[in-house]
Amino acid sequence: MADDVNQVFFGDKMIQNPDGSFLRNVIKPIYEILSKSIFDVYNIHSSRSEKCSLELRELIPFTCIYIDLYQFVFFNTVQIFHVGLELMFVYSLQILEQFSDGWWKSKINFVEVRTYWQVYRSFDRMWVFFIMALQAMIIVAWTQSGSTSANYEVVLRRVLSIFITYAILSFFRAILDVILSIHAWRNSDLTQPLRYLLKLVVAAIWAVVLPVGYSTSVKNPTGPLKFLNHWARDSHNQSLYNYILVLYMIPDLLAIMLFLLPRLREKMELSDWPVINIVMWWAQVSISTWLLLIIIISMRISISIPKLYVGRGMHVGTFSLLKYTIFWILVLSVKLAFSYFVEILPLIRPTKVIMKIQVENYRLHKFVPNGNKLFFLIIFYHLVYFLDVQVWYTIFSTLLGGVLGAFRHLGEIRTIGMVHSRFESISSKFRSCFVPPHSDEVTETLSTSKEPNENEYFRCMWNEFIRSMRMEDLISNRDRELLLLPPPLTNKPGDQLPLFLLASKIPAAINIAKEFKRKDHAELEKVIGSDKYTSAAILDCYYTLKSLIFLLLKDEDDKKIVDKVFHAANGKKSFLQNFNMSGMPLLAVKLEKFLKILMADYGDEEFKSKITTALQEIMYIIHESIDDNSTLKEALKRDEISHKFKNINTDVPLNSEARRRITFFVNSLFMNMRSAPKVSNMRSFSVLTPHYNEEVVYSDEELNKENEDGVSTLFYLKTIYPDEWTNFEERMKDKLEEEKKEERRKWVSYRGQTLSRSVRGMMYYKKALELQCSMEFTDYISNEEDCIRKQKLPDLKFTYIISCQIYGNLKRSKDPRQKDILNLMIMYPSLRVAYIDEVDEALKEKTAGKTEKVYYSVLIKGDTINYSEREIYRIRLPGSPTKIGEGKPENQNHAIIFTRGEALQTIDMNQDNYFEEAFKMRNVLEEFPHSHGAQKPTILGLREHVFTGSVSSLAWFMSNQEFSFVTIGQRFLASPLRVRFHYGHPDIFDRIFHITRGGISKASKTINLSEDIFAGFNSTLRLGSVTHHDYMQVGKGRDVGMNQISLFEAKVANGNGEQTLTRDVHRLGCHFDFFRMLSFYCTTVGFYFNSLVTVLIVYVFLYGRLYMVMTGLEREILEDPQIKNNNALEAALVTQSVIQMGMLLVLPMLMEIGLEKGFRTALGDFLIMQLQLSSVFFTFQLGTKAHYFGKTILHGGSKYRATGRGFVVRHSKFADNYRLYSRSHFVKALELGLLLVIYEVYGESYRNSSLYFFITFSMWFLVGSWLFAPFIFNPSGFEWQKTVNDWTDWKWWMGIRGGVGIQPEKSWESWWDEEQEHLRYTSIRGRVLEILLALRFFVYQYGIVYHLGIAHHSRSLLVYGLSWCAVLVILIVPKIVSVRRLQMFHMDLQLPLRILKGLLFLILLAVMIILFKICGLTLSDLFASILAFMPTGWAFILVGQACRPCLHKLLWEPIKEVARAYDFMMGLLLFTPIAFLSWLPAVNEFQTRILFNQAFSRGLHISMILAGKKDGGASFN
């Protein structure tokens, strides 16, 4: 390929290079550079003892990632083309050597630094806006509060000071830019650091000029303004500040003008004209920067403006801009109004009062005499102020998202009854959606073409849809017969309807006719015809019997007579006069018997023996005449069913999943769907599924293997899906035993999250294409070439590739899964499998006998003749992809070269598809050429149905949460907000667009852990567009257990934390316009950051209250009469409570469920969810998000967490729950609980209990949820025997010592070491911050010891010093007398040691007596001391962990033993209430009902599953 490119550019100058030279000389050096960068950092940042476990999660600022190398080579591309490709290899190596010169010098333009300031840097415009708005509102409220005649000129003058804040924040942003990008300066040209430094200088100038100018506009300035006014020589000029302000705002006015003219801004950003580049470069900085730039140019200093090749021109159409601008103006208006009138204005008067309060009796030391009264209050309200934008965004996006869904016709058909009412219009809608328009021109693909009946399209597709559900065992044979559409009768006008619409109508019509007393034929016809389906059923029966009689009659004269009779009956309206209607029911009975005789299958001999009359002879002739007439047989069957099933209304089909699929498909026909083109004209597409180590098909052994409760997978599924198992047995009735065995494996696998389920679902695409081809190409094709094209066209339009990374290893190890994958390739000949093959090849150059590992990307398919695999392609790779990148994205990247077509759909391993949805693929692909706003889409988003939410409450919660996100959430993100990205769902990529712009998966280690969303980032940055379409859905499985869900949430939070650090988020945040940037923040980083802030608010509030209680400030404030009736604090806590209890997740659920299932159903679901403790679940998951998001940004530690996709609901042991949640939830909850207890105890005397309860209710709820949610949602969590077993297991785990090779599941010590892994690789900044955070635990001791009775109200530092003596005694004495210490002494010293222990006990006893009797120590002081000293010990542990490198040989073992004691006490504290509740027998039943309410409502025997009671085993009956 390189030779061909060179031929184009340089003619015949270049010497022909040997095969593989481009791989060896260009690609492999790049690979080695990336590999070397990773392992150089590995060697520098890891000690020898820690190398084996370092995973480079925390070293991103020093590690070269893909994008760094890409940008470095890209900026040198021009030089490469100048030298020509004949020198390309040499020059490329020189560039790469320069790039890799130094492990810390490989960053380009951007450095991924672990700091929370990245959130401010990427979204600084938002923070500046909110800070300035807050300052303005405080100024207005403060000035007007308590003043009846406020001077509005003074208010305006003070409000204008917000621009000083703007200048200071801009200066701060410039400092951040310099600090966070300094590592990238070496590989940047001069203009990059010069740009940052110029911004810093100019921002510093403005940060001085604006305050000085403002000081001149104030009469009689005081304080800092007076000092600044001295700089202006004590001048007074009110207009000077205005002039300076106008000058300062010129760039911002230019930015506003460009925002209002998006087309102009897009043209300017995409322009290559140097003047325009300079304008856009400095547009949002300041006018002084322009002056500096002019000076530089006038001095003839060479400067080139840096070109940003991504993120330019990311603008939408004017209408789209208007939509999301109006939305955010509405949200911000309500948010700011709420903040002003509820959170700010009511606080002004109390704040002024508090500032005047003088606390005479200060219980602690006055470190900051005048400022400490409001410090925590100010922080608390500022956090709430920044947080509530997420609440208002959620409220408005939910409301408007529901309105948008209604306009898209969602939920118009949501029940089978609604399908009944609109079934006749379905055919016409189907034709408009799926039948290609007629063309007068002869297409290129057909030499002979004949258009079939358009209604036949719908009948064929509908029947195939019904048959597919029967093959999936969702419906029974009876349901299938009732749902199938029959072929049209020759003598009946119009189409026939399925029996589920007509089956109960004939008996109803007969009863109407029987009761009808009048003789008016028109009246009876009107009564019966009021129901269109009753009329249709009568006509169906009438024409069927007419056809039957004509087929039975052989004599032509008889036929003529009968024809005259029918003609007379149709022509004259005298039927009621000539027939007694009371005999109608008897006639119906005779007719039913007649039909049964016709459908019977008697033997000839039996018939002959019974035939004695002419009627019997006629019946024999009838039977013989219809045996071979299949059409008549089908008609007779329909008539028999229509008479047999008399009570069918809306209960067909019985299976809820089948009903859901039918209603959604019918509803989608009425949505805004693109018309489908002919198959020959549609876009070709590929589907790609990455597979690693997941199950393919369950084996018989796995089906019958029992878990610890004695429950097998097969028994579990038979219990959960009883109707589907019955349908399966009905389908297997006449099968051979071997076939039954294989089909049983498939039946189980198709109900799990297996590869076989995904493959079956995706291969529906080919089945749909084959049906569409058969409908477009008639069976009567005279040209053989057309017949071949009809057969091959589906394979040309559709390709399915499974990227099975370890398939080669499975072959070598003869793993059964390899055979299962091969079986799939044989079953589906169109299926392809790509894998990475590792081969040992001999070296060629003078290395006889030596080999090297060579990696290939291989594509294979199934050979149906030889029942084996056949290799199609083999492409050599420079090395193992997973060595330098994340596993899943690299698995996709190596296989993407084998995909074909114009579109590419990415499907996860836990997804499914349906035939009726696959039929819509042509329509979805037609979205690509149509513009959605200013751009044509490059990613088409589809919705999902979570199929794992039907049993447990946890699965239901997750299903509803996911359902709201993939529907109303993504719908609103795509339009009007225009910030939808790719979230790992079944999105369809414009393949050509993405493979020429970096692919669909960024794969750098750690930073691209959540690789899916980066495809959306990349597409948007490169002027792509992402849309969302509700008319097509794909199935998806989710985790159903508490621990699995938490691991998934942890993985997503880790990935989001890594995203916060990336240049993608930074560029999008900086280059989106203001309102689109707000949307981007609230739907990505902001959601998780606000979750962290929600938890932080609780900490700030409680520590602030603790300080105020301990110092006596709260007492003075609450006893002031002007403060007592102020409810501003409670109002501010409402925002925190709304987020904490999961209301932000529940609101979209309610709206989407109400939209698609009815608001009565939505309200009922909401109430049931609350009864099933959904708020406890969502509060617990809030802690998961906050912990892992914050930990990732601060220290790293993100990694892929395998959640497992098993079936059986298992009981998790107490030790498992403790390991998983101890540091993320339990420790934090105990800390908050301790704060709440201290706050209540020391403020009880002056505070009423109702106020305390109202303020702290949500916090106690959070504490309870974080402590006990894992046990509440743990199956059999309160069963006595399992509780006893859990206690035994936990004690054993706590006592086992760790060591090399001992897993965390086996030993507390190994787990404890693993929990500190992030601290071993974190930066010095991270360690220092950990120590600073740990210092908060010393506050308890400091505050409580001065409130002890033994202190006698003394504020002397001696009291605090004596408390430290007590702490040292508590820590040292147990160590001296510990059993482990005795092992250091000889056995002969046992007696003296025992005497020493006795003396120590007596001394301590004497000291306690003296303290009680002489010093005034009380029992309450003893308990208070426990509250004071326990946090101090925990602080020692945290500080010791952060300082481990310094303490490893000195104090590490004592710290470890103290930590073990703390963990044991925390475990005991948790286990005590669990044991007590387990002792009560009713609690276990109540918990089971809460956890499995959905199953109980479906009549399932969950108790049998949990107890392991089986009905005779799991054998196949």
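Every heavy atom of this structure was used, including side-chain atoms; hydrogens, water molecules and symmetry mates were not.
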Legend entry - Note, Tyr1221 side chain near Trp1266 side chain (heavy atom, < 4.5 Å): no
Inset, instruction - List the atom of Asn1090, the atom of Phe386, and the distance in Å for their closest heavy-atom pair. - result: OD1-O, 4.3 Å
Inset, instruction - Take Gln1181 and Met1042 through the side chain to side chain contact (heavy atoms under 4.5 Å, CB included) test and state the conclusion after the steps. - result: CA-CA 10 Å; Gln1181 294 307 329; Met1042 184 69 176; 3.9 Å; yes
Inset, instruction - State the CG-OG distance between Asn1217 and Ser1212, to the nearest 0.5 angstrom. - result: 5.0 Å
Inset, instruction - Grab the two heavy atoms, one from Tyr1188 and one from Ser1224, that are nearest each other, plus how far apart they are. - result: CE1-CB, 4.4 Å
Legend entry - Lys1456 side chain reached by Trp1452 side chain, heavy atoms, under 4.5 Å: yes
Legend entry - Residues Glu1457 and Arg1460 bridged, charged N to O under 4.0 Å: yes
Inset, instruction - Hey, could you give me the CG/CD1 distance between Leu134 and Ile138, rounded to the nearest 0.5 Å? - result: 4.0 Å
Inset, instruction - For Trp1311 and Trp1290, run ring-ring contact (aromatic ring centres under 6.0 Å, His included): C-alpha distance rounded to whole Å, both residues' side-chain angles, the deciding distance at 0.1 Å, then the answer. - result: CA-CA 13 Å; Trp1311 167 78; Trp1290 187 69; over 10 Å; no
Inset, instruction - Kindly say whether Ile1296 contributes a backbone atom to a donor-acceptor pair with the side chain of Ser1307 at under 3.5 angstrom? - result: yes
Inset, instruction - Look at atom OH of Tyr116 and say whether more than 12 heavy atoms of other residues, nucleotides or ligands are closer to it than 6.0 Å. - result: yes
Legend entry - ring-ring contact (aromatic ring centres under 6.0 Å, His included) between Phe1271 and Phe1214, intermediate numbers included: CA-CA 8 Å; Phe1271 310 106; Phe1214 179 84; 5.5 Å; yes
Legend entry - Tyr1346 side chain near Tyr1360 side chain, heavy-atom distance below 4.5 Å: yes
Inset, instruction - Can you see which heavy atom on Met1259 is nearest to which on Phe1101, and at what distance? - result: CE-CD2, 3.0 Å
Inset, instruction - Could you please spell out the steps behind the side chain to side chain donor-acceptor pair (under 3.5 Å) verdict for His1225 and Thr1184? - result: CA-CA 7 Å; His1225 293 81; Thr1184 304; 3.1 Å; yes
Inset, instruction - Any chance you could measure Leu1236, atom CG, to Leu1102, atom CG, to the nearest 0.5 Å? - result: 5.0 Å
Legend entry - Trp1292 atom CH2, over 12 foreign heavy atoms within 6.0 Å: yes
Inset, instruction - Can you see which heavy atom on Ala1424 is nearest to which on Leu1348, and at what distance? - result: CB-CD2, 3.6 Å
Legend entry - Euclidean distance, Phe1189 CZ relative to Ile1193 CD1, rounded to 0.5 Å: 3.5 Å
Inset, instruction - Please assess Ile1344 against Tyr1242 for the test side chain to side chain contact (heavy atoms under 4.5 Å, CB included), listing each intermediate value before the final yes or no. - result: CA-CA 9 Å; Ile1344 293 177; Tyr1242 289 97; 3.5 Å; yes
Legend entry - Presence of salt bridge, Arg1223 and Asp1463, under 4.0 angstrom: yes
Legend entry - Sub-4.5 Å side-chain heavy-atom contact between Phe1436 and Thr1432: yes
Legend entry - Within 6.0 angstrom of Lys1228 NZ, more than 12 heavy atoms from elsewhere: yes
Legend entry - Pairwise side-chain contact, Trp1364 with Gln1341, heavy-atom cut-off 4.5 Å (strictly under): yes
Legend entry - Any side-chain heavy-atom pair of Val1176 and Phe1268 under 4.5 Å: no
Legend entry - Atom pair CD1/CG of Ile1097 and Leu1092 - distance to nearest 0.5 Å: 10.0 Å
Legend entry - Check: Ser1363 and Phe1429 side chains under 4.5 Å, non-hydrogen atoms: yes
Inset, instruction - Determine yes or no for a side-chain-to-main-chain donor-acceptor pair under 3.5 angstrom, with Asp1421 supplying the side chain and Ile1350 the backbone. - result: yes
Inset, instruction - Look at Arg1219 together with Glu1315 and state whether they make a salt bridge at an N to O cut-off of under 4.0 Å. - result: no
Inset, instruction - Output the distance between atom CZ (Arg1105) and atom CD1 (Ile1238), rounded to the nearest 0.5 Å. - result: 15.5 Å
Inset, instruction - Start with the C-alpha distance between Val1098 and Val1095, add both sets of side-chain angles, then the distance that settles side chain to side chain contact (heavy atoms under 4.5 Å, CB included), and finish with yes or no. - result: CA-CA 5 Å; Val1098 179; Val1095 177; 5.6 Å; no
Legend entry - Criterion side-chain contact (heavy atoms from CB on, under 4.5 Å) against Leu1234, the qualifying member of Tyr1239, Tyr1340, Phe1337: Tyr1340
Legend entry - Test item: Gln1487 side-chain N/O and Ile1272 main-chain N/O as donor-acceptor pair under 3.5 Å: yes
Legend entry - Greater than 12 external heavy atoms within 6.0 Å of Trp1287's CH2: yes
Inset, instruction - Taking all non-hydrogen atoms of both residues into account, name the closest pair between Val1263 and Gly1233 and its distance. - result: CG2-N, 3.8 Å
Legend entry - Val1483 and Ser1478: CA distance, side-chain angles, deciding distance, side chain to side chain contact (heavy atoms under 4.5 Å, CB included) verdict: CA-CA 7 Å; Val1483 174; Ser1478 300; over 6 Å; no
Legend entry - Non-hydrogen side-chain atoms of Leu1194 and Glu1330 separated by less than 4.5 Å: yes
Legend entry - With sequence neighbours excluded, residues passing salt bridge (charged side-chain N to carboxylate O under 4.0 Å, His left out) with Arg1336: Glu1231
Inset, instruction - Quick one: closest heavy-atom pair of Arg114 and Thr1192, and the distance? - result: NH1-O, 2.7 Å
